[in-house]
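Notes for the one structure printed next.
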Amino acid sequence: MVFMGDRATLLETGRFVQRHARNAADEIIEAVGAVDAAVDTTAETDADTENETETEARHRRAAERGDLASMSALGALLLRRGDLDGAEPYLRGATAEGDRAAANNLGVLLHQRGYAEEAAGWWRVAAVAGSAPAAHALGRHHRERGDEPAAEYWLRQAAEQGHALGAYALADLLEHRSDVGAERWLRAAAEQGHREAAYRLALALERRATESTRGPHETGTRLRTPGTGAIVPGGAVTGTGLAAPARAPGEPGGEPTEAEQWFRQAAARGHRRAALHLGAILEHRGELKEAGRWYLSSAKEGEAKAACALGFLLRDAGDEESAAVWWLRAAQDGDGNAANALGALHAARGEQQTAERWYRAAMDAGDVNGAYNLGLLCAAQDRIPQAEQWYRRAAYAGHREAANALAVLLLQAGDANGAEPWFSKAAEAGSVDAAFNLGILHAGRDDDRTALVWYERAAAAGHTEAALQVGIAALRDGDERTAERHLRCAAGGGSAEAAFRLASVLDARRPEPGPAVLGAPREEKSECEEWYERAAQQGHRRAQVRVGMLAAGRGDLAEADRWYREAAEAGSRNGAFNLGLLLAREGSEREAALWWTRAARAGHGRAALRLALLAARRGELTEGRHWCARAVELGPAEVAERAARLSEALHQELTA
């Protein structure tokens with residue numbers, strides 16, 4: 001921003017515009033053989049000024065004597081300096097004598113004065129005489145006027161003479177028409193050092209490589225977007241996330257691709273977007289130090305995305321303060337991703353108002369994640385109406401996870417009919433959580449067939465809980481092979497219930513154990529026991545009981561005690577009963593009775609029968625009949641039958 005009265009800034013801006021105009025002219029001014037050396041008009045040293053003065057004086061003296069080469073060279077020198085009035089008579093004089101470089105440069109001069117058609121006439125004269133710069137300038141002239149056939153003809157003339165700018169302009173024209181020949185000329189320009197051509201060639205090569213691995217509709221680098229998580233049984237919503245920087249395609253540790261080599265060449269010549277792409281490729285490959293160097297180079301040149309990516313790199317390295325500095329720079333330059341990152345940073349620090357301000361800045365920058373993150377922020381503060389408002393705004397803008405989050409809110413408010421279209425929209429857009437949630441929605445309506453369709457879709461995309469539901473459905477239908485496949489996926493994804501069910505499937509296939517042999521080595525843990533153990537370690541009570549039983553079967557009573565006790569303390573009545581059995585065998589009948597009591601009160605009939613037998617043995621007949629009655633009530637049938645016989649015997653003894 002330029003402020004009123006900031007004279008230094010205004011002067012510098014003026015100098016930049018002048019330099020830019022000179023540099024643009026330099027691209028099409030044709031070099032003259034008689035010129036002693038290329039002159040850098042931006043140099044300011046006394047020596048350079050003296051050399052230029054001497055060169056000009058020498059050519060001026062020769063030109064006054066009628067020397068054609070000096071007339072052309074002096075005209076070019078004055079043209080580069082911006083002295084159009086001084087250059088014109090020398091260029092016209094040399095052109096009249098048939099000098100093609102002077103004809104081209106006269107065209108440049110006239111073009112700068114606004115006489116485009118007259119300029120084109122002199123360019124044509126020079127181009128016909130074999131001037132590649134003139135052919136390039138003439139081709140650009142025709143393209144600006146919409147005459148693409150003429151533009152292509154002259155640009156091709158320049159390109160075929162090895163003119164880098166002509167090759168690049170021809171490639172640009174052909175690429176605009178989706179002509180496959182564009183790559184050839186981009187490569188030709190890039191090989192001659194044209195940095196923009198190198199960058200665009202790298203993009204084309206990367207796009208082709210991406211299409212061959214992902215398919216034609218998924219191209220370029222990707223932006224990780226946040227996810228709201230899924231509904232799980234019980235109504236909880238799990239998981240949140242924030243946007244992260246773009247990542248380049250490729251595999252970590254792979255060899256540099258041709259695209260990378262061209263990105264590197266363009267970046268080395270100061271192309272800031274090439275430096276950004278190169279940094280992303282290197283970061284993906286794990287070469288973080290070099291990635292940071294290229295991000296820094298690009299960011300210093302004003303590339304906001306590079307500043308944002310550098311911020312994430314620093315954050316991941318533990319330097320949150322430096323990350324915030326680069327995110328701030330990027331956000332102030334309009335990068336919505338960086339604004340979201342700043343919002344997340346302040347939200348994590350509990351600075352909710354500042355976080356909200358940055359999320360709004362992200363939204364104003366056109367990043368839909370800003371609205372979604374505002375929704376997450378409001379939901380975390382139980383500001384549900386505001387959360388719904390922001391989710392809805394992001395969802396209408398096409399944010400699939402916002403659509404899923406909005407549907408979750410509506411469902412939790414009891415509006416299943418309002419939630420379903422948003423779940424469907426999110427699922428069709430690729431939200432795995434939304435597909436799973438649709439499965440839950442239809443299962444709640446007893447529409448198991450439709451629920452399974454959505455579960456299968458989510459499971460195919462790697463959703464752990466969906467894979468569990470598909471596995472359960474396959475078990476119910478007797479398709480054990482399909483069930484095992486999905487249960488393995490879900491168990492591998494961390495589902496304790498899936499690990500338990502998979503272990504149960506494998507357990508059912510195990511042969512019956514033979515009689516114990518004295519002195520035989522202890523059996524190794526089977527695969528099913530390993531899955532039971534994985535579920536048990538996640539707190540699955542039934543798995544804990546089963547691990548205890550398998551350990552007891554191997555004779556590892558300490559291990560059995562540990563798992564039974566852990567399950568019992570978590571509320572498992574089977575764990576409490578089995579722990580009681582283990583303690584009773586070891587002679588700790590009093591403690592065993594405590595665990596059986598806990599199990600019986602939780603509804604375990606066998607535990608009640610054991611308590612009745614204990615009471616009878618101690619002569620506590622009334623207590624024994626109480627537990628007999630409880631065992632009869634709880635069952636199962638054989639327990640109820642034994643408890644009834646014991647109760648009758650105790651009654652007879654009481655009345656004897």
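Keep in mind it's a predicted model, so treat the numbers as computed, not measured. Because only heavy atoms are used, hydrogens play no part in the values below, and waters and symmetry mates are left out as well, while side chains stay in.
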For Trp422, give me all partners under ring-ring contact (aromatic ring centres under 6.0 Å, His included), at least two apart in sequence or on another chain. Tyr396
Would you call Arg554-Glu529 a salt bridge at under 4.0 Å N-O? yes
Please determine, by modelled atom types, if Asn404 and Tyr391 share a side-chain donor-acceptor pair under 3.5 angstrom. no
Taking side chain as C-beta onward, heavy atoms only, is Pro636 less than 4.5 Å from Glu638? yes
Parallel, tilted or perpendicular: which one describes the rings of Phe500 and His540, with boundaries at 30° and 60°? parallel
Does Glu591 pair with Arg565 as a salt bridge, N-O distance under 4.0 Å? yes
Is a salt bridge present between Glu530 and Arg534, judged by a nitrogen-to-oxygen distance below 4.0 Å? no
Enclosure of Arg509 CZ (heavy-atom neighbours >12, cutoff 6.0 Å): yes
I'd like to know if the side chain of Arg573 and the backbone of Ala602 have a donor-acceptor N/O pair within less than 3.5 Å. yes
Between Glu321 and Arg349, is there a side-chain N and carboxylate O pair less than 4.0 Å apart? yes
Please determine whether a side-chain nitrogen of the Lys or Arg among Arg625 and Glu653 lies less than 4.0 Å from a carboxylate oxygen of the Asp or Glu. no
Side chain proximity check, Ile472 to Arg501, heavy atoms < 4.5 angstrom: yes
With the side chain counted from C-beta on, respond yes when Val408 and Gln412 share a heavy-atom pair under 4.5 Å apart, and no when they do not. yes
Run the salt-bridge test on Glu484 and Arg481 with the 4.0 Å N-O cut-off and return the result as yes or no. no
Audit row: Glu497, Arg541, salt bridge (charged side-chain N to carboxylate O under 4.0 Å, His left out) steps and yes/no: CA-CA 10 Å; Glu497 181 64 25; Arg541 293 184 301 181; over 6 Å; no
Pair Arg285 + Glu260: basic N to acidic O under 4.0 Å: yes
Are Arg630 and Glu623 within salt-bridge range, i.e. N to O under 4.0 Å? no
Does any part of the side chain of Trp326, heavy atoms only, come nearer than 4.5 Å to the side chain of Cys308, both counted from C-beta? no
Does atom CZ (Arg642) have a neighbourhood of more than 12 heavy atoms from anything else shown, all under 6.0 Å? no
Side-chain donor-acceptor pair present, Glu465, Tyr455, cut-off under 3.5 Å: no
Could Arg445 and Glu420 be called an ion pair, given the rule that one side-chain N must be under 4.0 Å from one carboxylate O? yes
Residue from Leu313, Leu278, Leu282 passing side chain to side chain contact (heavy atoms under 4.5 Å, CB included) with Tyr295: Leu313
Is Lys425 salt-bridged to Glu401, cutoff N-O under 4.0 Å? no
Residue list, ring-ring contact (aromatic ring centres under 6.0 Å, His included) with His486, at least two apart or on another chain: none
Does Glu287 pair with Arg293 as a salt bridge, N-O distance under 4.0 Å? no
Grab the two heavy atoms, one from Ala568 and one from Leu579, that are nearest each other, plus how far apart they are. CB-CD2, 4.5 Å
Are there over 12 heavy-atom neighbours, none belonging to Arg601, within less than 6.0 Å of that residue's CZ? no
Which class fits the ring pair His463 and Phe436: parallel under 30°, tilted 30 to 60°, perpendicular over 60°? parallel
Verify, without hydrogens or angle tests, whether Tyr359 (side chain) and Ala339 (backbone) share a donor-acceptor contact under 3.5 angstrom. no
Go through the side-chain N and O atoms of Asn340 and Asn373 and say whether any donor and acceptor fall under 3.5 Å apart. yes
Side chains of Glu533 and Gln544 in contact at under 4.5 Å (non-hydrogen atoms): no
Any side-chain heavy atom of Leu438 within less than 4.5 Å of one from Val453? no
Under 3.5 Å, is there a donor-acceptor pair linking the side chains of Trp390 and Gln386? no
Residues Asp507 and Ser504: side-chain donor-acceptor under 3.5 angstrom: no
Check for a donor-acceptor pair, side chain of Ser495 on one end and backbone N or O of Ala491 on the other, with a separation under 3.5 Å. no
With heavy-atom distances below 4.5 Å as the criterion, would you say the side chains of Arg392 and Leu410 are in contact? yes
Arg449/Glu456 under salt bridge (charged side-chain N to carboxylate O under 4.0 Å, His left out): CA gap, chis, key distance, verdict: CA-CA 11 Å; Arg449 184 181 297 276; Glu456 287 175 339; over 6 Å; no
Just by distance, do the side chain of Asp367 and the backbone of Asn369 share a donor-acceptor pair under 3.5 Å? yes
Flag the pair Leu581 / Trp596 as yes when at least one side-chain heavy-atom distance between them is below 4.5 Å, and no otherwise. yes
